[in-house]
Engineer: 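Encoded as structure tokens, here's the structure I'll be asking about.
In listed order, ligands and their atoms are each counted from 1. Positions are given from 1, in the same order as the sequence printed here. Here the structure is a predicted model, which is why all the values come from computation and not from measurement.
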Amino acid sequence: MRCGKIIVRDGWVICPVCQKGKLLKVRADTTARNLPRKCKRCGQETLVNIEAPEPASKVTSA
Ligand SMILES: [Zn+2]
């Protein structure tokens with residue numbers, strides 16, 4: 001996982017700048033790619049990258 005310094009705490013992506021603001025609520029299966037979220041606390045915009053934890057087995061129907 002080579003995203004930035006995204007911190008997830010209690011199901012929330014925490015702002016890496018001030019480390020206090022909540023940027024985005026995430027679930028275990030949440031994915032995001034270059035999702036810009038602006039911190040309400042410090043006003044800095046951060047690109048959120050969240051990769052899927054485990055790739056689900058692909059179901060290919062012929
Ligand atoms: Zn912030």
Engineer: Nearest 0.5 Å please: distance from the OG1 atom of Thr46 over to the NZ atom of Lys38.
Structural biologist: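 So the OG1 of Thr46 and the NZ of Lys38 are separated by 11.0 Å.
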
Engineer: In Å, rounded to the nearest 0.5 Å, how long is the span from CD of Gln19 to CD1 of Ile14?
Structural biologist: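 Answer rounded to 0.5 Å: 9.0 Å.
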
Engineer: With rounding to the nearest 0.5 Å, note down the distance linking CD1 in Ile6 to CD1 in Ile50.
Structural biologist: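 Reported value, rounded in 0.5 Å steps: 7.0 Å.
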
Engineer: Residues two or more places apart in sequence or in another chain: which of them pass salt bridge (Lys or Arg N to Asp or Glu O under 4.0 Å) with Arg9?
Structural biologist: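 Arg9 satisfies salt bridge (Lys or Arg N to Asp or Glu O under 4.0 Å) with no other residue.
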
Engineer: For the CG atom of Leu23 and the CD1 atom of Ile7, what is their distance to the nearest 0.5 Å?
Structural biologist: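 Those atoms lie 9.5 Å apart.
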
Engineer: Nearest 0.5 Å, please: how far is CD in Gln44 from SG in Cys39?
Structural biologist: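 Here the interatomic distance stands at 8.5 Å.
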
Engineer: What are the protein N, O or S atoms, given as residue plus atom name, that sit under 2.8 Å from the Zn ion (ligand 1)?
Structural biologist: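 Those protein N, O or S atoms (cut-off: under 2.8 Å from the Zn ion (ligand 1)) are Cys15 SG, Cys18 SG, Cys39 SG, Cys42 SG.
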
